[in-house]
Amino acid sequence: MLEQALHKHFGYSAFRTGQKEVIEQLLAGRDVIALLPTGMGKSLCYQLPAYLLDAPVLIVSPLLSLMQDQVDQLRQFGEKRVVALNSFLTVQQKRYALHYLHEYRFIFASPEMLMQPQVKERLQQMKLGLIVADEAHCISQWGFDFRPDYLRLGEIIPMQHKPPILALSATATKSVLHDIETYLHMRSPFYFLHSVNRPNIHLAKHFFQHKDDKINWILEHVQTTAGPGIIYTQSRSKAESISLALLERGIAAAAYHAGKEAEDRQFIQQQFLVGKLDWIVATNAFGMGVHKGNIRQVIHEFMPANIANYMQEIGRAGRDGQPAVASLLYAEGDEQFAQFIVTEDLPKALHIEQYLRNRDKPMRMLEDGSISETAFRVLHYWMQQESNEEVQQRLQQMEVNKYKAVHEMLQIIQSTTCMREQIVHYFGQQLTEKISNCCQNCGLVFEEILAAKQHEEATEQSLTWQARLRRILLAE
DNA sequence: CGCCCCTCCTGTAGAGGAGGGGCGGTGCGCTACT
């Protein structure tokens, strides 16, 4: 009985939605794509099978920090046969880990590490019980133009004695599901798809004449409403300046972006998790693997580049099931920047010519700085897959697709019909129930949603003196 | 591409506008250098 195994290894008495179905299929040897809302115990879907299979489980993870969290969690459960194969290991540790790889129960690794010849060869000789792609939407989101090793995961799957493959994610469109299936070489996978709709997240949007007005709105809004929350900004510098402005107003806020030291990032995330920080002002670097239940607000200072990103980012709110608000701020022309940022680092036609001229030693292209490291890696990958003409076409198509995705997001912003319905429809699903205070277009009274919370805060002593003064002076 | 910031220009005072330059997201692994 699966329930008995669940109780024996993890001490739980019952499965959560989807877990049992997914595990049953995996144990029967079938590939599975599971879309489960975050925080609903996605990791158990591979952790339990690991104890019922007689071979190691390989988990492909997008972030080192995520890997570390999962390793720590398993160790807390008393599991010793667990390893994270990544650049944190010394040469000796890595050699040791590879030598005894078959003895581990859980092997975590990044796609880049898996593509190293020594690692790949070692895995190919080994029997694996299960291969897991955690946050599997990364295959589609990052594989084509950022981390091409994500498209090469199929190379580590043994042809003979192929283990079942599990793809886990919280949000994926039909086309993302298709990419996952293709690049993981899945054979008629079992789908467990939870609804992408999150009824407790209310969708607000606000329009502004000038970009600066958005900042003023944020400063005002954050001082008078309930946190904790995340503010997503378009650039690192803006994340810094807004968090500073909030700090000056007595709000416990911090900035988070990829320009910060790994140590600082970890510290800030930790402080937010334990409630010492109320607001995180971040670029899209923040979020994956952040398990905080009581996030009440997500504010977008800029326009997300596509609907999937928007859903992922607002989906970090209200995981405790309590009401939360996602506020999307828009000023005319914001789509220009969104378009620029997502296409700026794509390899261009001139890079293909340059690549062909340096065919014998393409790395030379990097020397004069005419191409970024990312763009070079992406170009190099595609040039090995396809002809010049095909690569050129592909890159153009990528650009077109990215513009199209920005436009789809813009339509949600500009339309006057239910935002939720449009979003759910975009993911190929249907909206089954109608909620009150659904979205800006259906009618939304902010105070009604977080009213109880705000009242509580108003009487709290922890209210900042600025906010108290503001209430008195402005009679709010 | 659009923004922000800085410098320069004008024409003899102080400030406003033109024009140029810099900047702008996401992560892995690895290497060279301090």
Side-chain angles (χ1 to χ4, degrees), chain A residues 60-68 84-91 93-94 97-98 108-120 134-135 137-153 208 210-215 231-241 255-262 265-266 281-290 300-306 308-310 312-313 331-346 348 363 366-367 369 372-378 380-381 398-399 402-403 405-406 409:
Chain A
V60 186
S61 179
L63 303 178
L64 298 178
S65 59
L66 208 60
M67 257 183 247
Q68 208 50 54
L85 215 52
N86 57 38
S87 58
F88 291 159
L89 300 182
T90 63
V91 176
Q93 287 171 325
K94 189 174 159 193
L98 280 177
F108 290 88
S110 64
E112 287 81 4
M113 183 58 82
L114 291 175
M115 288 312 128
Q116 291 188 359
Q118 40 172 345
V119 179
K120 203 155 89 176
D134 198 11
E135 307 286 356
H137 57 273
C138 292
I139 292 169
S140 187
Q141 184 182 314
W142 281 349
F144 296 95
D145 64 348
F146 185 49
R147 294 173 69 179
D149 285 341
Y150 253 112
L151 299 187
R152 299 176 56 195
L153 289 178
F208 299 88
H210 302 288
K211 298 184 192 305
D212 287 346
D213 297 341
K214 295 194 288 190
I215 310 293
I231 299 164
Y232 280 107
T233 65
Q234 64 191 7
S235 68
R236 298 172 179 184
S237 58
K238 208 160 243 173
E240 292 287 353
S241 63
Y256 185 106
H257 52 73
K260 280 185 139 46
E261 296 289 329
R265 288 172 65 166
Q266 206 185 347
V281 194
T283 61
N284 55 11
F286 184 78
M288 225 177 343
V290 176
H300 276 91
E301 183 268 336
F302 73 113
M303 179 188 162
N306 56 60
N309 281 7
Y310 175 64
Q312 266 164 34
E313 284 155 7
E332 203 174 303
D334 277 359
E335 64 276 15
Q336 317 264 6
F337 188 79
Q339 283 175 356
F340 170 78
I341 209 82
V342 291
T343 55
E344 176 256 342
D345 206 20
L346 284 176
K348 305 292 184 289
M363 287 286 275
L366 285 167
E367 285 164 17
S372 75
E373 205 186 327
T374 300
F376 175 77
R377 193 173 340 94
V378 169
H380 186 59
Y381 170 77
M398 276 191 214
E399 196 164 315
K402 283 177 182 286
Y403 280 139
V406 171
M409 187 66 224

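Chain letters run A, B, ... following the sequence lines, proteins first and then strands; every chain starts at 1.
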Worksheet item: Please give, in whole Å, the distance from dC30(B) C1' to M363(A) CE?
Response: 10 Å
Discussion item. Between dG29(B) and dG25(B), how many Å separate the two P atoms, rounded to a whole number?
Written reply: 23 Å
Discussion item. A side-chain contact here means heavy atoms from C-beta on lying under 4.5 Å apart; do L64(A) and S87(A) qualify?
Written reply: yes
Practice prompt. Step through the shown structure and confirm whether more than 12 heavy atoms of other residues, nucleotides or ligands are within 6.0 Å of CD on Q266(A).
Written response: no
Discussion item. Without decimals, in angstroms, what is the distance between E261(A) CD and dG27(B) P?
Written reply: 14 Å
Worksheet item: Among dG29(B), dG24(B), dG27(B), which is the nearest nucleotide to the side chain of F146(A)?
Response: dG27(B)
Worksheet, complete the sentence: Applying the 3.5 Å cut-off to both distances, the Watson-Crick or G-U partner of dC8(B) turns out to be dG17(B)
Discussion item. With a 4.0 Å limit, can you tell me whether R147(A) has a side-chain N or O closer than that to the phosphate oxygens OP1/OP2 of dG29(B)?
Written reply: no
Worksheet item: What integer distance in Å separates F340(A):CZ from dC3(B):P?
Response: 13 Å
Discussion item. Distance check, P atoms only: dA32(B) and dG27(B), in whole angstrom units.
Written reply: 25 Å
Worksheet item: For N86(A), which contact category applies under a 4.0 Å heavy-atom criterion: base, sugar-phosphate, or nothing?
Response: sugar-phosphate
Worksheet item: In terms of side-chain heavy atoms of L64(A), which of dG25(B), dG29(B), dG27(B) is nearest?
Response: dG29(B)
Discussion item. Taking 4.0 Å as the cut-off, does a side-chain nitrogen or oxygen of Q336(A) come that near to OP1 or OP2 on dG2(B)?
Written reply: yes
Worksheet, complete the sentence: Which of dG27(B), dC30(B), dC28(B) is nearest the side chain of S110(A)? It is dC28(B)
Discussion item. Quick check against the 3.5 Å criterion: does D213(A) have a side-chain atom that pairs as donor or acceptor with the backbone of H210(A)?
Written reply: yes
Worksheet item: Is there a Watson-Crick or G-U wobble partner for dC33(B) with both distances under 3.5 Å, and which nucleotide is it?
Response: none
Worksheet entry | Nearest non-hydrogen partners of Y150(A) and S61(A), listed with the distance | OH-C, 4.0 Å
Worksheet item: Does a nitrogen or oxygen in the side chain of K260(A) sit under 4.0 Å from OP1 or OP2 of dT26(B)?
Response: no
Discussion item. Taking only side-chain N and O atoms of R265(A), does any of them lie within less than 4.0 angstrom of OP1 or OP2 on dG27(B)?
Written reply: yes
Fill in: Candidate nucleotides dC28(B), dG25(B), dC30(B), ranked by approach to the side chain of T283(A) - the nearest
dG25(B)
Worksheet item: Can a side chain N or O of S87(A) be found less than 4.0 Å away from OP1 or OP2 on dG29(B)?
Response: yes
Worksheet item: Taking the side chain of M113(A) as its heavy atoms from C-beta onward, which of dG24(B), dG29(B), dC1(B) lies nearest to it?
Response: dG29(B)
Practice prompt. Would you mind reading off the distance between Q141(A) atom CD and dC28(B) atom P, rounded to a whole angstrom?
Written response: 14 Å
Discussion item. At 4.0 Å (heavy atoms only), tell me whether Q339(A) reaches a base, stays on the sugar-phosphate, or touches nothing.
Written reply: nothing
Item to complete: Could you tell me whether E240(A) and K260(A) make a salt bridge, using a distance below 4.0 angstrom between a side-chain N and a carboxylate O?
Response: yes
Worksheet, complete the sentence: Looking only at dC3(B), dG27(B), dC1(B), the nucleotide nearest the K211(A) side chain is dC3(B)
Worksheet item: What about T374(A), does its side chain sit under 3.5 Å from the base of dG27(B) through a donor-acceptor pair?
Response: yes
Worksheet item: Would you say a side-chain N or O of Q116(A) is under 4.0 Å from OP1 or OP2 of dC30(B)?
Response: yes
Item to complete: Answer with base, sugar-phosphate or nothing: what part of the nucleic acid does P62(A) contact at a heavy-atom distance below 4.0 Å?
Response: sugar-phosphate
Fill in: dT26(B) and dG20(B), which share atom name P, separated by this distance in whole Å
31 Å
Practice prompt. Take K120(A) and R152(A) through the side chain to side chain contact (heavy atoms under 4.5 Å, CB included) test and state the conclusion after the steps.
Written response: CA-CA 11 Å; K120(A) 203 155 89 176; R152(A) 299 176 56 195; 3.7 Å; yes
Worksheet item: How long is the gap from CD on Q141(A) to CD on E135(A), to the nearest 0.5 Å?
Response: 9.5 Å
Item to complete: Please determine, for the side chain of K94(A), which listed nucleotide (dG25(B), dG29(B), dC30(B)) has the closest atom?
Response: dC30(B)
Worksheet entry | Residue mapping more 5' on DNA chain B - nearest nucleotide basis, F88(A) or E332(A) | E332(A)
Practice prompt. Just call it for E373(A): base, sugar-phosphate, or nothing, with non-hydrogen atoms closer than 4.0 Å on any strand.
Written response: base
Practice prompt. Check the distance between dC3(B)'s P and I215(A)'s CD1 and give it to me in whole angstrom.
Written response: 14 Å
Fill in: Length of the CZ-C1' vector between R377(A) and dG29(B), whole Å
9 Å
Practice prompt. Round to a whole Å and report the spacing from CZ of F144(A) to C1' of dT26(B).
Written response: 16 Å
Worksheet item: dG25(B) C1' sits how many Å from E301(A) CD, rounded?
Response: 14 Å
Fill in: dG11(B) and dG19(B), which share atom name P, separated by this distance in whole Å
15 Å
